[in-house]
Enquirer: 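Handing you this structure, nothing more for now.
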Amino acid sequence: MIVEKEAPTSIAGTELIRPQLRSVDLNLLTVFDAVMQEQNITRAAQLLGMSQPAVSNAVSRLKVMFNDELFVRYGRGIQPTARASQLFGSIRQALQLVQNELPGSGFEPVSSERIFNLCVCSPLDNRLTSLILNNVGKIAPNIHLIFKSCLNQNTEHQLRYQELEFVIGYEEFRRPEFSCVPLFHDEMVLVASANHPRLTGPIKESDFYQEEHAVVSLDRYASFSQPWYDTPEKQSCIAYQGMALTSVLNVVSQTQLVAVAPRWLAESFIEKLNIQILPLPMKVNSRTCYLSWHEAAGRDKGHQWMEELLVSICHR
């Protein structure tokens, strides 16, 4: 005979309270979602069409519900606790699942005035930003796209809280909470001045690091150039660090410095700049471009539409 053990009813003399879903005010979850997005009670109240005291009261009830402070004061706003951050993805996904089933909740791109925030990382912004803008404009003329071109240490945070909806770049977000779709592979090449006195054909890896190099600043978060300069010995050959790969190629065209760049970018400048393109004599001679987003956003129909469109545009 199997005897079921009773669940403990207390911890250190304190009776455990096991709330049932039917006893929970689910409206509080929409308040939690808004406060997490805005990280400011006043702005969350404006977003919800509620008074500030009503939102503050709802937050107090949420703290009791989850037995956690959830939000602490930070500057002029508030900052989520670790528990609040842990809850956010699941709650947002659950709310979006419900929202998607409500009548009239479909996404109509032709009439939508939605704003999408995207990061198309440099140097890919040179290739993809205009393509995305033009294609979205043809299909959904009232949708507004806001672009930035560089990652930073807050990018994961911005994706998690959907301040940023998509990232297109060479970096892969490896945490399980992020979705990453490979879009294409870019061949990398060695770029030098057409008048370079030593480079008249393919070279070996040992010769590559004997030259002086121009790179995208390694101080930049997720620098494009970082994979080829991952040791102090390799970094010792760097003579110039620029903020963008286009400026790096411009310097290379007028000096004896060399640089690594995607073939498509180098070829787009070959008629404008005095440069030559050579095979890159390295094991890492290609990079994969990814489309990334936070999984909590993936249930939203507008997000799904934009995801499919971005994949289609970038594959072409």
Side-chain angles (χ1 to χ4, degrees), residues 119-129 147-156 167-174 180 182-290 292:
C119 176
V120 181
C121 302
S122 179
L124 289 161
D125 57 329
N126 290 275
R127 184 182 189 181
L128 298 177
T129 301
F147 289 88
K148 70 174 190 176
S149 63
C150 60
L151 297 174
N152 57 49
Q153 292 179 338
N154 292 323
T155 299
E156 286 193 2
V167 170
I168 299 176
Y170 294 123
E171 299 299 319
E172 182 178 8
F173 292 84
R174 297 183 181 274
C180 288
L183 297 174
F184 52 82
H185 303 286
D186 268 342
E187 179 191 356
M188 299 294 150
V189 296
L190 176 62
V191 182
S193 166
N195 302 322
H196 198 290
R198 289 177 299 281
L199 301 183
T200 56
I203 62 172
K204 299 177 180 178
E205 181 176 338
S206 56
D207 298 324
F208 176 75
Y209 288 111
Q210 292 301 312
E211 298 294 332
E212 290 190 308
H213 291 229
V215 303
V216 176
S217 176
L218 301 186
D219 291 335
R220 301 199 73 177
Y221 187 79
S223 164
F224 166 82
S225 301
Q226 183 62 48
W228 298 282
Y229 305 93
D230 55 356
T231 67
E233 291 76 18
K234 293 175 182 178
Q235 292 171 13
S236 65
C237 68
I238 296 174
Y240 170 77
Q241 299 194 44
M243 296 304 290
L245 195 51
T246 50
S247 62
V248 168
L249 294 183
N250 186 59
V251 170
V252 164
S253 71
Q254 302 175 64
T255 65
Q256 293 184 24
L257 305 186
V258 300
V260 178
R263 176 176 287 278
W264 60 264
L265 183 66
E267 288 180 346
S268 71
F269 279 96
I270 201 162
E271 293 184 0
K272 302 175 186 176
L273 300 176
N274 184 40
I275 59 174
Q276 60 173 313
I277 298 172
L278 300 169
L280 184 63
M282 310 292 293
K283 291 181 180 179
V284 181
N285 57 15
S286 69
R287 296 193 69 179
T288 302
C289 175
Y290 297 93
S292 307

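Computed from heavy atoms alone, side chains included, the values below leave out hydrogens, waters and symmetry copies.
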Enquirer: Can you tell me if His185 and Ser286 form a side-chain donor-acceptor pair at under 3.5 Å?
Expert: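 No, no side-chain donor-acceptor contact under 3.5 Å.
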Enquirer: Once rounded to the nearest 0.5 Å, what's the spacing between atom CZ of Phe184 and atom CZ of Arg127?
Expert: 5.0 Å
Enquirer: Is the shortest side-chain N to carboxylate O distance from Glu171 to Arg287 below 4.0 Å?
Expert: yes
Enquirer: Measuring only between side-chain heavy atoms, which start at C-beta, is Val258 closer than 4.5 Å to Val252?
Expert: no
Enquirer: Could you check whether any side-chain heavy atom of Val248 comes within less than 4.5 Å of a side-chain heavy atom of Leu245, counting everything from C-beta outward?
Expert: yes
Enquirer: I want to check something: taking the side chain as every heavy atom from C-beta on, are Thr155 and Val167 in contact at a cut-off of under 4.5 Å?
Expert: yes
Enquirer: How are the rings of Phe224 and Trp228 set relative to one another: parallel (under 30°), tilted (30 to 60°) or perpendicular (over 60°)?
Expert: tilted
Enquirer: Does Thr255 reach the side chain of Tyr240, with side-chain heavy atoms less than 4.5 Å apart?
Expert: no
Enquirer: Is the cationic atom of Arg263 (NZ for Lys, CZ for Arg) positioned less than 6.0 Å from the six-membered ring centroid of Phe269 and within 45 degrees of its normal?
Expert: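 That pair does not qualify as a cation-pi contact.
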Enquirer: Can you confirm whether Met282 sits close enough to Tyr209 that some side-chain heavy atom of one is under 4.5 Å from a side-chain heavy atom of the other?
Expert: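 Yes. Closest side-chain heavy atoms under 4.5 Å.
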Enquirer: Would you indicate whether the side-chain heavy atoms of Leu218 and Gln235 approach each other to under 4.5 Å?
Expert: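 Yes, side chains in contact.
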Enquirer: Do Phe208 and Leu190 have side-chain heavy atoms sitting under 4.5 Å apart?
Expert: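 Touching, per the 4.5 Å side-chain cut-off.
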Enquirer: Of all heavy-atom pairs between Ala222 and Leu151, which one has the smallest distance, and what is that distance?
Expert: CB-CD1, 3.9 Å
Enquirer: Answer yes or no: is there a side-chain heavy-atom contact under 4.5 Å between Glu211 and Leu199?
Expert: yes
Enquirer: Does atom CD of Glu267 have more than 12 heavy-atom neighbours from other groups under 6.0 Å away?
Expert: yes
